[in-house]
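Okay, structure first, notes after.
Since this is a predicted model, take the numbers as computed values, not measurements.
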Amino acid sequence: MRYIGNKESIIEKIYAILQKNGVSGKSVFDFFAGTANVGKFFKANGFRVCSSDILYFSYCLQNLLDYWIKIKQFHFEAGAVAAVTKKCVLAN
């Protein structure tokens with residue numbers, strides 16, 4: 001989603017600057033979360049993300065993204081279990 005202030009086009013540069021300057025840790029705080037692009041990027045790279053935004057839609061969007069990630073993980077795990085179960089059944 002695009003709107004004024006979106007950091008989607010610069011998030012990789014932000015991450016590179018943090019790495020170049022030796023900033024370490026596994027938690028980030030996005031003070032102006034908006035469409036959650038920063039949080040989504042860092043979460044995908046193994047970070048714990050905390051965020052804040054005055055707009056209620058940002059809260060809703062972030063909860064939806066978090067829910068979607070959990071559902072995607074569940075489907076991945078369920079698929080893996082189904083594949084292993086199928087192999088076991090076929091082997092017997």
Side-chain angles (χ1 to χ4, degrees):
M1 182 181 292
R2 305 278 309 184
Y3 79 100
I4 295 172
N6 186 301
K7 296 172 273 305
E8 184 177 14
S9 64
I10 62 169
I11 189 60
E12 290 186 15
K13 291 177 186 172
I14 293 170
Y15 187 50
I17 290 168
L18 293 173
Q19 289 180 314
K20 180 180 176 183
N21 289 290
V23 177
S24 62
K26 280 299 192 181
S27 297
V28 295
F29 192 98
D30 185 7
F31 287 93
F32 305 102
T35 57
N37 284 318
V38 171
K40 190 167 58 172
F41 176 86
F42 280 101
K43 196 169 221 182
N45 284 287
F47 286 78
R48 177 177 179 266
V49 178
C50 297
S51 62
S52 177
D53 199 295
I54 195 168
L55 299 174
Y56 183 67
F57 97 90
S58 180
Y59 167 80
C60 295
L61 182 60
Q62 290 176 65
N63 279 310
L64 180 63
L65 286 170
D66 192 45
Y67 177 75
W68 180 79
I69 289 167
K70 288 176 184 171
I71 291 295
K72 188 175 177 184
Q73 181 64 30
F74 171 77
H75 285 295
F76 172 77
E77 290 171 358
V81 169
V84 169
T85 303
K86 185 176 179 182
K87 284 182 182 180
C88 290
V89 170
L90 292 175
N92 292 324

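- Between Ile54 and Phe32 there is no side-chain heavy-atom pair separated by less than 4.5 Å.
- Heavy atoms only, all atoms of each residue included: Gly34 and Ser58 are closest at O-OG, 2.7 Å.
- Within 6.0 Å of NZ on Lys13 lie no more than 12 heavy atoms contributed by other residues, nucleotides or ligands.
- Placement of Tyr56 and Phe31 in two distinct hydrophobic clusters is found when ILVMFWY residues are connected by side-chain heavy-atom separations under 4.5 Å, directly or transitively.
- Between the side chain of Asp53 and the backbone N or O of Leu55 there is at least one donor-acceptor pair closer than 3.5 Å.
- What you find for Lys26 and Asn45 is that their closest heavy atoms are NZ-O, 3.6 Å.
- Linking Ile, Leu, Val, Met, Phe, Trp and Tyr residues whenever their side-chain heavy atoms come within less than 4.5 Å leaves Val38 and Phe29 in two separate clusters.
- Between Phe47 and Phe41, the gap from one ring centroid to the other reaches at least 6.0 Å.
- With sequence neighbours excluded, no residue satisfies side chain to side chain donor-acceptor pair (under 3.5 Å) with Glu12.
- Considering only heavy atoms from C-beta on, Tyr15 stays 4.5 Å or farther from Ile11 through its side chain.
- To the nearest 0.5 Å, the span separating OG on Ser27 from CZ on Phe42 amounts to 11.5 Å.
- Within the model, atoms NZ of Lys43 and CD of Gln62 stand 9.0 Å from one another, a figure rounded to the nearest 0.5 Å.
- Among residues two or more places apart in sequence or in another chain, the side chain to side chain donor-acceptor pair (under 3.5 Å) test is passed with Lys7 by none.
- Both Leu18 and Ile10 sit in one connected hydrophobic cluster of ILVMFWY residues. Membership requires side-chain heavy atoms under 4.5 Å apart, directly or through other members.
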